[in-house]
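Since the structure is predicted, the reported quantities are computational estimates derived from the model, not experimental observations.
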Amino acid sequence: MSKNMYRNVRFILLLIKLKLSRMMVFRFSFFGAFFADGTLFLVQLLTFSTIYGHVDSIGGWDRGQMILFVGTFSLINALNMLIYFFGVIGIPDKIKRGDLDQYLTKPINPLLRLTFESVNPGSFLLVVMSVLIIGYGVSVSGIEVSAGLALAYTGLVLLMTLLWYDMEVILRTIPFLVISANGIEQLEGHLIDLNFKVPGVLYNGVLKVLFYFIMPYGVMSTVPTQLLSGVVTAPGLVQALCVVVVFTVFTLWFWRFGLRRYKSASS
């Protein structure tokens, strides 16, 4: 591990420690996060139970695969909420108010700090519940999960969580260039809601191009589900990995591009 990477890891761990310390000072906030996220999960679960409770097949996917799809999307969303969501979501307001100045004057990567300064331990409950759904889906589908398959699935879920992070940062970097991006954030919510209910295998033509390559929310849960259920193709898997790489590279470039156009509060 290089000296710079070691310093970054120590900084991330310090941010997490400080966040946990602040939350434990106000214990209601700490345990309230568990309650709020657990309630959200139950609402989502009831929604999917209503939609898919009497459906045997959707787009060639059986009930077990749909359960895996729901669990996978829920897990990616839970990791998003646990790790970086509450840090990244505040970027537009910091740009608008000029609060980003305090991040740029510190000897640490500003995006790194923004990403990890607001971890949400309450979302760990969502992670556990999502894993239980995935386990139930595996049982319904009769899948024999080997150590290799579990490791590959876990790695792919983490990559899709990174892809979701890329999309969040890209959309919240746009305010560097425009006055307001409220409409873009509302669009993001609608797209996530749609792709949380509809597996990517149902998309064809323009919709597949849109949700696989331009706004790749359709890839995030679909491909890990295909991998776990044994129906993923080698070209499909390579394609998904390439999407993650391209969007991650673009995210880092676009963030630096936006920073160069940032008008600080003191300017």
Side-chain angles (χ1 to χ4, degrees), residues 8 11-12 15-16 18-19 22 33 36-37 40 73-106 108-123 126 157-196 210-221 243-267:
N8 287 339
F11 182 73
I12 291 170
L15 286 176
I16 294 173
L18 290 174
K19 176 66 176 180
R22 289 197 300 270
D37 288 339
L40 173 63
F73 215 120
S74 180
L75 177 58
I76 296 171
N77 178 56
L79 291 171
N80 159 43
M81 300 280 284
L82 174 68
I83 302 170
Y84 55 78
F85 175 77
F86 292 99
V88 173
I89 196 174
I91 291 176
D93 286 337
K94 288 181 173 61
I95 295 172
K96 183 177 180 180
R97 297 194 303 263
D99 294 345
L100 201 61
D101 289 6
Q102 60 178 307
Y103 292 82
L104 299 178
T105 56
K106 300 294 189 296
I108 195 71
N109 187 307
L111 184 58
L112 185 71
R113 180 181 171 188
L114 286 164
T115 299
F116 293 102
E117 72 175 356
S118 297
V119 295
N120 177 36
S123 295
L126 289 180
V157 165
L158 292 176
L159 286 175
M160 293 303 136
T161 305
L162 173 61
L163 181 58
W164 195 325
Y165 169 78
D166 292 336
M167 291 304 303
E168 288 191 354
V169 173
I170 288 171
L171 293 177
R172 285 160 182 80
T173 299
I174 292 176
F176 279 117
L177 313 175
V178 299
I179 296 177
S180 175
N182 291 334
I184 295 173
E185 293 186 20
Q186 291 175 9
L187 174 63
E188 177 194 34
H190 292 309
L191 292 178
I192 292 174
D193 186 59
L194 171 64
N195 286 278
F196 194 27
L210 175 63
F211 292 124
Y212 270 61
F213 302 107
I214 300 176
M215 306 286 285
Y217 297 107
V219 175
M220 296 176 185
S221 181
V243 168
V244 176
V245 171
V246 169
F247 270 84
T248 300
V249 171
F250 176 77
T251 299
L252 296 175
W253 172 83
F254 191 50
W255 171 258
R256 291 192 295 267
F257 177 80
L259 279 181
R260 289 196 294 270
R261 283 150 183 80
Y262 172 63
K263 305 296 184 182
S264 72
S266 58
S267 63

> Sequence neighbours left out, what passes ring pair (Phe, Tyr, Trp, His ring centres under 6.0 Å) with Phe73? Give chain and number order.
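Expected list: Trp164, Phe196.
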
> Rounded to the nearest 0.5 Å, how far apart are CD1 of Ile95 and CZ of Arg261?
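Result: 13.0 Å between the selected atoms.
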
> Can you name the closest pair of heavy atoms from Ile214 and Phe247 and give their distance?
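Looks like O-CZ, 3.4 Å.
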
> Please report the C-alpha distance between Leu259 and Leu100 in whole Å, then the side-chain angles of each, then the deciding distance to 0.1 Å, and finally whether the side-chain contact (heavy atoms from CB on, under 4.5 Å) criterion is met.
CA-CA 10 Å; Leu259 279 181; Leu100 201 61; 3.9 Å; yes

> Within the structure provided, determine whether Pro216 and Met167 are in side-chain contact (heavy-atom separation under 4.5 Å).
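Yes - at least one pair of side-chain heavy atoms lies under 4.5 Å apart.
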
> Can you name the closest pair of heavy atoms from Gln102 and Arg113 and give their distance?
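What the structure gives for the nearest pair is O-NH1, 3.8 Å.
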
> First locate atom CG of Asn80, then atom CD1 of Ile192, and finally report the distance between them rounded to the nearest 0.5 Å.
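Atom-to-atom, Asn80:CG and Ile192:CD1 are 7.5 Å apart.
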
> Exactly one of Ile83, Leu79, Val88 should register a side chain to side chain contact (heavy atoms under 4.5 Å, CB included) with Tyr165. Which one does?
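Output: one option passes, namely Val88.
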
> Against the six-membered ring of Phe257, is Arg260 placed for a cation-pi contact (under 6.0 Å from the centre, within 45° of the normal)?
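Geometry flag: not set, cation outside 6.0 Å or 45°.
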
> Roughly how far, to the nearest 0.5 Å, is OG of Ser221 from CD1 of Ile76?
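If I round to the nearest 0.5 Å, the distance is 5.5 Å.
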
> Test Thr161 against Tyr84 for side-chain contact (heavy atoms from CB on, under 4.5 Å), laying out the working first.
CA-CA 10 Å; Thr161 305; Tyr84 55 78; 3.7 Å; yes

> Rounded to the nearest 0.5 Å, how far does CG of Leu159 lie from OG1 of Thr248?
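Reported value, rounded in 0.5 Å steps: 8.0 Å.
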
> Might you work through the side-chain contact (heavy atoms from CB on, under 4.5 Å) test for Glu117 and Phe86, ending with a clear yes or no?
CA-CA 8 Å; Glu117 72 175 356; Phe86 292 99; over 6 Å; no

> With a 4.5 Å limit on heavy-atom distance, are the side chains of Leu126 and Leu82 in contact?
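Counting from C-beta outward, Leu126 and Leu82 never come under 4.5 Å.
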
> Please name all residues satisfying ring pair (Phe, Tyr, Trp, His ring centres under 6.0 Å) with Tyr103, sequence neighbours left out, ordered by chain then number.
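For Tyr103, no residue satisfies ring pair (Phe, Tyr, Trp, His ring centres under 6.0 Å) once neighbours in sequence are set aside.
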
> Determine the minimum heavy-atom distance between Leu104 and Pro110, stating which atoms define it.
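For Leu104 versus Pro110, the nearest heavy atoms are CD2-CG, 3.8 Å.
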
> For Val243 and Leu163, what are the C-alpha separation, side-chain angles and deciding distance, and is it a side-chain contact (heavy atoms from CB on, under 4.5 Å)?
CA-CA 8 Å; Val243 168; Leu163 181 58; 4.2 Å; yes

> Working to the nearest 0.5 angstrom, can you tell me the gap between Ile91 CD1 and Lys96 NZ?
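Output value for this atom pair is 16.0 Å.
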
> Show me the side-chain donor-acceptor pairs of residues 169-176 shorter than 3.5 Å, one per line, residues at least two apart or across chains.
{"unit_1": "Arg172", "atom_1": "NH1", "unit_2": "Glu168", "atom_2": "O", "d": "3.3"}
{"unit_1": "Arg172", "atom_1": "NH1", "unit_2": "Glu188", "atom_2": "OE1", "d": "3.2"}
{"unit_1": "Arg172", "atom_1": "NH1", "unit_2": "Glu188", "atom_2": "OE2", "d": "3.2"}
{"unit_1": "Arg172", "atom_1": "NH2", "unit_2": "Glu188", "atom_2": "OE1", "d": "2.8"}
{"unit_1": "Thr173", "atom_1": "OG1", "unit_2": "Val169", "atom_2": "O", "d": "2.6"}

> How far apart are the closest heavy atoms of Tyr262 and Lys94, and which atoms are they?
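Looking at all heavy atoms of both residues, the closest pair is OH-O, 4.2 Å.
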
